[in-house]
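Here the structure comes first, spelled out in C-alpha cells, and everything after it is commentary.
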Amino acid sequence: MKMKCFSKLGALSLFVLLGLVPAHAQLGTFVKKLKSKTEQVAKEVTNEVKQQLDVEPAQAQGSTQRQIQSNLPKTDEVDPLAIMKQVQISEQTPDSFYALAKQSDHAGAFDQTLDTRAQFECLAYYLLRLKKAVEQRDIEFIAWPDDNKAMLYYLTLLNNPKREQVQGFRWNDWGMEYQRVAAAAQKILLSPFNGSATRSRFGEAEQLRRIYNYMQTADLSPNLKKYYLFQAVNKISGELVDGNLRDSDPEVQTMVASLKQMYASMDREYQAIYPKPRTLAEMNAEQERKADEQVKSVQQEYRERQERVYDMPKSGRMNTPQMIATFEQIMRKQWPKDKIVKTLIKSDEWKIEDTSTGRYRIVFGYVIVKKPDGRYKAIPCSMAGKWLPGAGKYGPYHYYSLGNPFYVDYR
C-alpha cells in the first residue's frame, strides 16, 4: 500500500485490534470512531475461531479440507506450511454470494473517499480474492493479501453511517462474511502455533515462543515474515501488559531485542504502519508521552480559544432602546470598574424558566468592555424578572447570570 493512503489513516494503534483477525487486519483504527466498533468485531471474530477449534472433526460439516485431524503430524515434527495446508476450516460461502453484487477494485489504490456503493464494490472484490486464497490454501497471499484492502474497506464501511442504504448490499451479511473469511485465515496461519492442528490449545506465551522460533527460519518468505513479526509483537506486548511475561526475564529481553532487529530490517512503509516491538517499560513510557502530549494539546487549544477574536454578536428583536437602557443600568452596577463601550440584547423573546426559587422571565445580552491592552471583550450575561403571584405580573429586572467572556472585533 502506498504511503499516501496511510497519511489519511493516522498512527497505528497496537492495542485496539489485538484480537481482530487475521493479523494483517489488525492495523488499528484510522479514525477514533472505529475504536469501540473494532473491539467488538475483534471479540466476535476471535469467538468464532474458538468455536471452530471446539468442533469435533467428525462434526465439521462440509469442511474445505476433510482430512481427519488425528492423522495430522505433530506440530514440532513437520514444516508448519504442511499443517497450514491441511488443517480443517469451516466451509466458506459459495461464490454465488459474491456474484449477487457488483465487484470492482476502482483503480486499485485504496481510497476511503469513495462513495458508499464503491466501498462495498471494493470490499466484495478484495474479499472474494482473499476467500479464494483461503480455499486454495495460497499461504503467501493469505499472509499479505492485496495490501490489506479487504480489511481497509471493511473498516471504512464499519464507520460509514450510510452503509445500510446501498441497494444490493446488506451490511450485516457482508460484515459476517468478512468475519468468516478472516477467521478462516487466522486459523490457517496460526494453526501450527496455537495447537489447533493437534487440539493441544497452547497458551499465548507458548504460541509466542513457537512463532518466534519459526521466524528464525532462514528461507521464510517476506510476506510470512511480516505477518508473524506483527503477530509476535502483538502477543509479547499483550503478555507483558497482562503480567504473564516480565521485562526482567532474560528470554523476554532476548526476544524483544531480536524482534527489534527484524523490525528495523523492514521497509519504511511497514515501519510507518505497524507497531514497534517494545518492553513494558517502553510501552508505559510511550503511553505517558502520548498522555502528556494530549494534555498539552488540550491546554494549547484552550489558550488559542481564549485568545481568538470573534465577530461582534448580533442583536435580537428585543434590542429596543428601553430594554437596552434597563440592561445597561443593571450591568454597569455589576461591573462598575470596567470600561463598558456598548451593551446589546441578543434575545428575540423572553425565556421563561422555572427554578426552586420561582419563575423568571430572562433576557440575554452582551456587555462589550475595553481591556487595558486596547482589545475588546464581550461578556455574555442576562437579567431576569421574577413572577409575583400576588401581583399577577413579573417584578423589575435584576442581574441574573454570567457566561464566558471572549474577545470580539469591535469597531
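Residue numbers run from 1 in the order of the sequence given. For clarity, every value in this text was computed on a predicted model and none was experimentally measured. Atom set for the values below is all heavy atoms of this structure, side chains included, hydrogens, waters and symmetry mates excluded.
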Can you give me the closest heavy-atom contact between L220 and L224, atom names plus distance? CD1-CB, 3.9 Å
Using atom types as modelled and distance alone, determine if a side-chain donor or acceptor of Q261 lies under 3.5 Å from a backbone N or O of A257. no
If only atom types and distance count, is the side chain of Q103 paired as donor or acceptor with the main-chain N or O of Y98 below 3.5 Å? yes
Specify whether Y178 and Y154 have parallel, tilted or perpendicular ring planes, treating 30° as the upper limit for parallel and 60° as the lower limit for perpendicular. parallel
Any sub-3.5 Å donor-acceptor pair from S258's side-chain atoms to T254's backbone N or O? no
Closest heavy-atom pair, R117 versus Q167, reported as atoms and distance to 0.1 Å, is NH2-O, 2.7 Å
Passes side-chain hydrogen bond (donor to acceptor under 3.5 Å, both in side chains), N160 versus Q119? Steps please. CA-CA 10 Å; N160 186 341; Q119 291 174 11; 3.2 Å; yes
Salt-bridge present (E206, R210; N to O < 4.0 Å): yes
Is it true that the NZ or CZ of R361 lies under 6.0 Å from the centre of W350's six-membered ring and within 45 degrees of the ring axis? yes
Donor-acceptor pairs under 3.5 angstrom involving side-chain atoms of residues 311-318: please list them, not counting sequence neighbours.
none

Is D373 salt-bridged to R375, going by a charged N under 4.0 Å from an acidic O? yes
Between V252 and L240, is any pair of side-chain heavy atoms under 4.5 Å apart? yes
Hey, can you tell me if Y263 and Y270 have their rings parallel, tilted or perpendicular (30° and 60° cut-offs)? perpendicular
Salt bridge or not for K276 and E286, using N-O below 4.0 Å? no
side-chain contact (heavy atoms from CB on, under 4.5 Å) evaluation trace for Y410 with V341: CA-CA 9 Å; Y410 177 74; V341 298; 3.8 Å; yes
Any sub-3.5 Å donor-acceptor pair from D79's side-chain atoms to L81's backbone N or O? yes
Tell me whether E301 at atom CD has more than 12 heavy atoms from other residues, nucleotides or ligands lying less than 6.0 Å away. no
Show the numbers, then the answer: is there a side-chain contact (heavy atoms from CB on, under 4.5 Å) between M266 and L229? CA-CA 10 Å; M266 295 296 168; L229 173 58; 3.7 Å; yes
Student check: side-chain heavy atoms of T320 and I345 closer than 4.5 Å: no
F202 ring center within less than 6.0 Å of F193 ring center: no
Distance in Å, L130 CG paired with E177 CD, rounded so as to fall on 0.5 Å steps: 10.0 Å
Please step through ring pair (Phe, Tyr, Trp, His ring centres under 6.0 Å) for the pair Y126 and W174, ending with a clear verdict. CA-CA 12 Å; Y126 290 111; W174 283 95; over 10 Å; no
Please check if atom CD in E251 has more than 12 non-hydrogen atoms from other residues, nucleotides or ligands closer than 6.0 Å. no
So do the side chains of Q92 and V181 get within less than 4.5 Å of each other, counting heavy atoms only? yes
Tell me whether the rings of F406 and Y366 are parallel (<30°), tilted (30 to 60°) or perpendicular (>60°). perpendicular
Roughly how far, to the nearest 0.5 Å, is the CZ atom of R278 from the CE atom of M283? 8.5 Å
Looking only at heavy atoms, which two atoms of F169 and A124 are closest? And how far apart? CE2-CB, 4.4 Å
In Å, rounded to the nearest 0.5 Å, how long is the span from SG of C381 to CZ of F327? 3.5 Å
Just by distance, no angles: are the side chains of T93 and R180 close enough, under 3.5 Å, to form a donor-acceptor pair? yes
So CZ of R305 and CG of N404: to nearest 0.5 Å the spacing works out to 9.0 Å
Going by heavy atoms in the side chains, are Y228 and L189 under 4.5 Å from each other? yes
E293/K296 salt bridge by N-O under 4.0 Å criterion: no
For the OG1 atom of T343 and the CE atom of M323, what is their distance to the nearest 0.5 Å? 12.0 Å
Between F110 and Y153 (judged by ring centroids, cut-off 6.0 Å), do the two rings come close enough to count as a pair? yes
Do other residues, nucleotides or ligands put more than 12 heavy atoms under 6.0 Å from the CZ atom of R170? no
Would you sort out whether T113 and D111 count as a side-chain hydrogen bond (donor to acceptor under 3.5 Å, both in side chains), showing the intermediate values? CA-CA 5 Å; T113 65; D111 183 2; 2.4 Å; yes
Any side-chain to backbone donor/acceptor pair from K370 onto I340? Under 3.5 Å, distance only. no
Taking T217 for its side chain and D219 for its backbone only, find out whether a donor-acceptor pair lies under 3.5 Å. no
Does the distance from a Lys or Arg side-chain N to an Asp or Glu carboxylate O, for D105 and K149, drop under 4.0 Å? no
Answer yes or no: is there a donor N or O on one side and an acceptor on the other, between the side chain of H106 and the main chain of C122, under 3.5 Å? no
Student check: side-chain heavy atoms of E307 and Y407 closer than 4.5 Å: yes
Does a side-chain heavy-atom distance below 4.5 Å link R359 with I352? yes
Rounded at 0.5 Å granularity, tell me how far CG in L157 sits from NZ in K162. 12.5 Å
Any chance the side chains of Q271 and R268 put a donor and an acceptor closer than 3.5 Å? no
Residue pair H398 / Y400, side-chain heavy-atom distance below 4.5 Å: yes
Are E328 and R332 close enough for a salt bridge, meaning some N to O gap below 4.0 Å? yes
Quick test of your reading of the model: are K226 and D267 salt-bridged, counting only N-O distances below 4.0 Å? yes
Would you mind telling me which of D147, D95, D146, D138 makes a salt bridge (Lys or Arg N to Asp or Glu O under 4.0 Å) with R129? D146
Would you say the side-chain atoms of E353 pair up with the backbone N or O of I362, donor to acceptor, closer than 3.5 Å? no
Verify side-chain contact (heavy atoms from CB on, under 4.5 Å) between L259 and M215, making sure each step is shown before the conclusion. CA-CA 9 Å; L259 292 175; M215 292 175 66; 4.1 Å; yes
Regarding K260 and E282, does a basic nitrogen lie under 4.0 Å from an acidic carboxylate oxygen? yes
Going through the checks in order, is the side-chain hydrogen bond (donor to acceptor under 3.5 Å, both in side chains) test met by Q165 and T116? CA-CA 9 Å; Q165 304 172 12; T116 307; over 6 Å; no
So which atom in P275 and which in V233 form the shortest heavy-atom distance, rounded to 0.1 Å? O-CG1, 4.0 Å
Are any of the side-chain nitrogens in D409 or R411 under 4.0 Å away from the carboxylate oxygens of its partner? yes
Taking all heavy atoms of V87 and all of R137, pick out the closest pair and write down the distance. O-NH2, 2.7 Å
Would you indicate whether the side-chain heavy atoms of I211 and L190 approach each other to under 4.5 Å? yes
For G168 and A101, the nearest pair of non-hydrogen atoms, with its separation, is O-CB, 4.2 Å
Report yes or no: does D242 contribute a side-chain atom to a donor-acceptor pair with the main-chain N or O of N244 at less than 3.5 Å? no
